[in-house]
Amino acid sequence: MKLASIIISCILLASASADILQNPDFELPPSNWTANSTSPFFTLDQNSTIPGWTFEGGVQYVTAGAGLSLPQNGHAILLGQDGRINQTFTATGEQMQYLLTFALARGVQNCASNASLVVSAPDSSAQFSFTQKYSKEPWEVYGHQLGSWGDGESINLVLQSQAIDADPNSICWPVVDELSLITIGSVNQDNDNLLPNGGFEFGPAFPGFSNEGVLLNSEPSLSESALQQWMVMGTVKYIDAKSYFVPEGKAAVEIVAGISAGVQTAKLLQQGSNYNLEFMLGDANDSCSGDLTVGVIAGSSVQNFTVHSNGTGAAKKYSLTFKGTGPGPTPISFQSYTARQNEEGAFCGPVIDGVVLRVSSGYKPNMHCAFLIALLLLGLL
Ligand SMILES: *[C@@H]1O[C@H](CO)[C@@H](O)[C@H](O)[C@H]1NC(C)=O
Ligand SMILES: *[C@@H]1O[C@H](CO)[C@@H](O)[C@H](O)[C@H]1NC(C)=O
Ligand SMILES: *[C@@H]1O[C@H](CO)[C@@H](O)[C@H](O)[C@H]1NC(C)=O
Ligand SMILES: *[C@@H]1O[C@H](CO)[C@@H](O)[C@H](O)[C@H]1NC(C)=O
Ligand SMILES: *[C@@H]1O[C@H](CO)[C@@H](O)[C@H](O)[C@H]1NC(C)=O
Ligand SMILES: *[C@@H]1O[C@H](CO)[C@@H](O)[C@H](O)[C@H]1NC(C)=O
Ligand SMILES: *[C@@H]1O[C@H](CO)[C@@H](O)[C@H](O)[C@H]1NC(C)=O
Ligand SMILES: *[C@@H]1O[C@H](CO)[C@@H](O)[C@H](O)[C@H]1NC(C)=O
Ligand SMILES: [Ca+2]
Ligand SMILES: [Ca+2]
């Protein structure tokens with residue numbers, strides 16, 4: 001496993017570029033802004049704009065406190081009625097995926113309806129809103145793939161509010177903060193595992209300020225998913241070893257949205273040949289206790305697996321043998337059959353990690369791989 005991850009990291013080109021966006025945390029205040037201890041809201045106008053960003057419609061610069069909870073006790077942007085902010089950045093170098101992580105909070109805590117936030121870029125548009133409680137904090141962190149660009153392309157990132165029909169005064173407008181944009185190259189298959197990113201090590205960035213993981217909304221496309229090479233059904237939480245119990249490596253997936261939420265991939269396999277799927281199933285150490293059941297689909301094999309969790313962080317290895325289907329790629333999916341909430345009332349669920357797909361019996365690594373491993377063992381790399 002260790003060798004495998006060394007090889008993956010050799011192949012993968014991923015880099016965190018903290019400065020793709022200007023003023024991504026909104027800590028550079030608007031011109032003419034003065035702190036007001038009685039009101040956390042400051043309305044932007046043509047004499048008071050926010051550095052790095054253009055705005056339109058009702059947009060307010062907000063300060064934590066006075067009933068407003070932000071991830072860091074700083075400042076953020078509230079997108080009110082028809083509110084919109086945008087910033088253009090330039091994609092440099094070779095074609096890369098741009099993965100955005102951001103915090104979403106609510107302008108008022110009690111309201112009749114939650115407006116949503118729409119994040120768009122030339123190749124994508126996605127909507128985010130508060131529907132369920134997925135963390136113990138009043139804010140949530142989301143991850144999203146904006147698109148894939150390179151070679152000096154100019155990208156306009158737009159964040160805007162979208163209200164459902166309701167009295168504007170009773171709407172919780174979205175508050176955004178702590179944007180972080182990273183680029184990631186293609187994740188290659190490693191020699192010991194037919195599934196690229198079977199260990200979920202490659203996905204959106206985990207922000208330093210949060211211990212709540214990163215929520216990923218439904219994404220039916222492998223190539224447009226922030227979680228590299230995995231589609232998302234329902235909502236899952238991308239969890240990091242700093243804040244949760246992670247079975248292997250630095251990251252894993254917790255299926256939080258209940259029944260039929262999960263992750264899915266697909267791989268072109270030899271029709272009729274036997275394959276072995278190995279994976280780890282457990283809990284995240286977020287006091288999610290009880291039986292956690294996951295339905296695993298691999299080709300035409302469907303099987304349920306249940307772990308008895310006491311919510312303190314544990315995982316076990318399971319495996320399944322199945323036949324490759326064709327002519328198209330063989331689907332492999334993990335779907336939850338459990339809807340559960342922890343002591344804090346946050347939705348939680350089973351954790352999946354270490355998904356390894358191999359040809360069943362007699363599989364030997366090819367010469368190239370054996371050579372590489374020999375070099376590693378000799379300490380020559
Ligand atoms: C502070 O906010 C309150 C309420 O919106 C407003 O009445 C007051 O004028 C503001 N004070 C300053 C110094 O801007
Ligand atoms: C902006 O400043 C100019 C000059 O002081 C003033 O005439 C105008 O009313 C201000 N605009 C707004 C929206 O406050
Ligand atoms: C500050 O506001 C005044 C008028 O309210 C305006 O004339 C001035 O341009 C503003 N400053 C900046 C940097 O926008
Ligand atoms: C925002 O988008 C408009 C076009 O819709 C563009 O003219 C403007 O430069 C953009 N603002 C930034 C800061 O990139
Ligand atoms: C708004 O979001 C909260 C979760 O943060 C949820 O409890 C509430 O039901 C939502 N309200 C509506 C009207 O969807
Ligand atoms: C897995 O469990 C669910 C829920 O209990 C059940 O509906 C489904 O039929 C089970 N599937 C298999 C293959 O046993
Ligand atoms: C349950 O929790 C106890 C500690 O409270 C721990 O020692 C034990 O290993 C846990 N069992 C499982 C199956 O996670
Ligand atoms: C679970 O979290 C507690 C702290 O909240 C920590 O002390 C414990 O070591 C963690 N358990 C595992 C298995 O990571
Ligand atoms: Ca901030
Ligand atoms: Ca992992």
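Everything numeric here is computed off the predicted structure, so don't read it as measured data. Count residues from 1 along the sequence. In listed order, ligands and their atoms are each counted from 1. Both backbone and side-chain heavy atoms feed into the values below; hydrogens, waters and symmetry mates do not.
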N, O or S atom within E248 nearest to the Ca ion (ligand 10), by name: O
So, [X] and [Y]: side-chain donor and acceptor under 3.5 Å apart, yes or no?
X    : Y    : result
N86  : N156 : yes
Q335 : Y337 : no
T293 : T306 : yes
W149 : D123 : yes

G249 near the Ca ion (ligand 10) via N/O/S, less than 3.0 Å: no
The Ca ion (ligand 10) to nearest N/O/S of A251 below 3.0 Å: yes
Could you tell me, atom by atom, which parts of ligand 2 come under 4.0 Å of a heavy atom of [X]?
X   : answer
N47 : 1 (C), 2 (O), 3 (C), 8 (C), 10 (C), 11 (N), 12 (C), 14 (O)
D45 : 13 (C), 14 (O)
Q46 : 13 (C)

Salt bridge D192-R358, side-chain N to carboxylate O under 4.0 Å: yes
Ion pair E201/K250, N-O distance below 4.0 Å: no
Distance flag, aromatic centroids of F305 and F279, threshold under 6.0 Å: yes
Sub-6.0 Å ring centroid separation between F102 and H144: no
Metal site angle (apex the Ca ion (ligand 10)), OD2 from D353 and OE2 from E201, 10 degrees: 150°
Heavy-atom side-chain contact between E178 and F209 under 4.5 Å: yes
Total protein N/O/S atoms whose distance from the Ca ion (ligand 9) is less than 3.0 Å: 5
